[in-house]
Structures are given as C-alpha cells and as structure tokens.
Engineer: 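So that we are looking at the same thing, I have put the structure below in structure tokens.
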Amino acid sequence: MSKETKHTSISTLGEFGLIDRLTKNIQLKNDSSVLGVGDDAAILDYRNKQIVVTSDLLTEGIHFNLMYVPLKHLGYKSVAVNLSDIYAMNATPKQITISIAISSKFSVEAIDELYEGIYLACEKYGVDLVGGDTTSSLTGLTISITAIGEVEKDDIVKRSGAQANDLLCVSGDLGGAYMGLQLLERENEVFKVNENMQPQLGGYDYILERQLKPEPRADIIAAFKKMGIKPTSMIDISDGLSSEIMHLCKNSGVGCSLFEDKVPMDLQTKQMAEELNINPLVAALNGGEDYELLFTLPLDDYEKIKNDPDFTIIGHMTEASEGVNLVTTGGSAIPLQAQGWNHGK
Ligand code: ADP
Ligand code: MG
C-alpha cells in the first residue's frame, strides 16, 4: 500500500462527509454538464449530438494490485481506460461518474489520493465528474466508472465497418504495458521475500508508465479530424492486439492479414522481454492494456497517413473466407489466436 502520513478512519467523516470532501472543489467545465454532484441525479444537455456511454468495473486483486500500484495512479488509470472506450467510437468524453466500494483498511487520506488521480485525468481530458455512489465493502476496493461522451452522428466509428482491402493500422506501440507489469510483478516478488531489497526499476520508465499511467489517444481522434480521416472501423487495445483484431473481423464480417514484422514495439519493451525470456511479439499480441487505437482505413487514405509517425500500417483486411492470419517474417500465414489478457473477466 502507498505510504501515508495520516490515517484518518473513514467512519470519522461518514459517507456524506466523505462524498462532500471528495467533490467539494468540482467546477464544471462543459456546457453539456448542466448539474453535477449534489442532487439525486446529474443533468446533461446534449442538444443534437449523439451520446456514447461506457462503463468499467475494477476490483482489487483482480484488476489491480495495491502492493505496487499507487492509489493516485490507480485513480488516473481508471479514468483513462474508460475514456479510451469513448475515443474508440471517434467520440469526445464529457462526463464521468465514479462509484466506489471501500473496506475499512482504507483511510480518508488513501481515498483522497485515489481522487487526486481521478481529478488529474479529468483535468487533462476536459471531463466533468458529475456523480457516483459510495458504499462500504468487506474486503477491498472496487471502482466503477461510467463515461459519457458526444459525437456527430456521421462521425461515429463502430467495430463493424471494415471492408476487404482496407488497411489495418495502429497508433503508438504495443506490448509495453504488459512488460511493465511483468517488471512490477518481478520486483514485488523480490520485495515479498526480502523487504529490504530496493526495487530495480531503473531504465524502464517508459514501460512502467505504459502500465501505471496509460494515456487514452485523444490526440489521434483530433488528428483524424484534422487530416479528414474517418476510419471504417475502430477499437481500443485493452486486451491485446490479437483479440481486438478478432473483434474487428467478427463484427465486420471480414478476414485479415497481420504482418509480424510490422507490429510496432518500443526498445524498452524488447529489452525487458529479452531480460525475462519472453517473445516481445507475444506481449504485443496478447499482453493488453496498451490503450492504443486499432482501426481500418480505405486504401485511398494511404497517402494521408504514410509518413505520420503516430500510425503504423500493420496489415490489411481480406475476405472472411481467407481467415484471420499472422503472416510471419518468413512469409508463412498462421491463424491468429485470440488469447486476450484474461484478467479475471
Ligand atoms: P443517493 O442517496 O441519491 O444515492 P448519495 O448521497 O449517494 O445520493 O450521493 C449524493 C451526491 O453525491 C450525488 O450527486 C452523487 O452522484 C454524488 N456522489 C456519491 N458518491 C460519489 C463518489 N464516490 N464520487 C463522486 N460523486 C459521488
Ligand atoms: Mg448513493
């Protein structure tokens, strides 16, 4: 658990006192947020826009381990991954609600830290916290987040629009979050054996950040608008590239050829993989939690993105009858396996 200077029991504040403490500084930023925390329900006004809504539920011990995840990072990441789903619809997030169940092992200061991270993400992505619920739990911490966003009807991008011959593209690089997790778990095991051991995390800032502080790709959605691009299909990479490709193919009724040597990976991802004797491609395909955007584009858009370092073309869509294949560096096609990253779901 994170280091705390004070440990005030939540019972000294009570539920209402805690909610008040956590929400008293909120200043609503968005026109669509008409009424926030403080009544039985929030009021939103979206006029002619379409509204997208998504939820995530995170449970201690299943989705996060407080042995090595600071609460502030947990708050930030909880919001970030939820917003990623909104961006994956080509939409803009505007509001979130946060519901928490907390056991008595958490102090008021600990929950303050969690909310510090939550508000940091809200600030960065221009989102209003407009409500939630607070309750107690017998064992650990559970966080449920709902995000609400807006999009013009014609701009919505679903998982289902990919066509044969479309380019398959991804933002950023893959496998880093998984390798960051492996590093944190390795150091945690060492610490459990000997509490005096200092964690050896040096030189791996990038993959640690990928695991502890992922950023949803709001910038990519903005870039699409600027470049006049509307993907034919899109999904965010929460469970690993393989699994997300399978979703696009299934929902769109197409097949796909993914080229092994095109999958973008950072140097630190490869270095950590080598150190731990893991094939970095496996981390990219099945690791998950990278929160990059995977999308398809008509061939005609090739010129628009070919020189953009934010995007990598990793394959192309095919007829469904050709299947979903990984084309290896050697040129052979292997059916892609969707292992996903089954963190208890
Ligand atoms: P109710 O009894 O109607 O559920 P609550 O007393 O739980 O109302 O909540 C009061 C207000 O505080 C509501 O606006 C609710 O959305 C908000 N709220 C409750 N818990 C949280 C939380 N953990 N984070 C943010 N807002 C919260
Ligand atoms: Mg309530």
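When a ligand or atom number is given, it counts from 1 through the structure's own listing order.
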Engineer: For Thr142 and Thr59, test the side chains for any donor-to-acceptor distance below 3.5 angstrom and give the result as yes or no.
Structural biologist: no

Engineer: Regarding Thr134 and Glu15, do their side chains bring together a donor and an acceptor under 3.5 Å, going by distance alone?
Structural biologist: no

Engineer: What do the steps show when you test Phe224 against Phe295 for ring pair (Phe, Tyr, Trp, His ring centres under 6.0 Å), and what is the final call?
Structural biologist: CA-CA 11 Å; Phe224 285 155; Phe295 55 96; 4.9 Å; yes

Engineer: Taking atom types as modelled, is there a side-chain donor on Thr328 or Glu260 under 3.5 Å from an acceptor on the other?
Structural biologist: no

Engineer: With heavy atoms of Thr23 as the reference, note each atom of ligand 1 found under 4.0 Å away.
Structural biologist: 25 (C), 26 (N)

Engineer: Considering the heavy atoms of Tyr115, write down every atom of ligand 1 situated less than 4.0 Å from one of them.
Structural biologist: 22 (C), 23 (N), 24 (N), 25 (C)

Engineer: Do any nitrogen or oxygen atoms of Leu129 come within less than 3.5 Å of a nitrogen or oxygen of ligand 1?
Structural biologist: no

Engineer: If the cut-off is 4.0 Å to any non-hydrogen atom of Gly131, which atoms of ligand 1 fall inside it?
Structural biologist: 16 (O), 25 (C), 26 (N), 27 (C)

Engineer: What's the verdict on side-chain contact (heavy atoms from CB on, under 4.5 Å) for Tyr119 and Ile26, showing C-alpha distance, side-chain angles and the deciding distance?
Structural biologist: CA-CA 9 Å; Tyr119 284 121; Ile26 294 178; 3.4 Å; yes

Engineer: Pick one of side chain, backbone, both or neither for how Thr134 approaches ligand 1, counting any non-hydrogen atom pair under 4.0 Å.
Structural biologist: both

Engineer: Which atoms of ligand 1 are found less than 4.0 Å from any heavy atom of Phe16?
Structural biologist: 6 (O)

Engineer: Could you list which atoms of ligand 1 come closer than 4.0 Å to a heavy atom of Gly38?
Structural biologist: 11 (C), 13 (C), 14 (O)

Engineer: Within the 3.5 Å criterion, strictly below it, is a donor on Asn90 or Asp155 matched to an acceptor on the partner's side chain?
Structural biologist: no

Engineer: Closer than 4.0 Å to some heavy atom of Asp39 - which atoms of ligand 1 meet that?
Structural biologist: 13 (C), 14 (O)

Engineer: State the atoms of ligand 1, each with its element, that fall below the 4.0 Å cut-off from a heavy-atom position in Ile98.
Structural biologist: 22 (C), 23 (N), 24 (N)

Engineer: Could you tell me whether the side chains of Glu275 and Tyr204 share a donor-acceptor contact shorter than 3.5 Å?
Structural biologist: yes

Engineer: Which atoms of ligand 1 are found less than 4.0 Å from any heavy atom of Asp40?
Structural biologist: 3 (O)

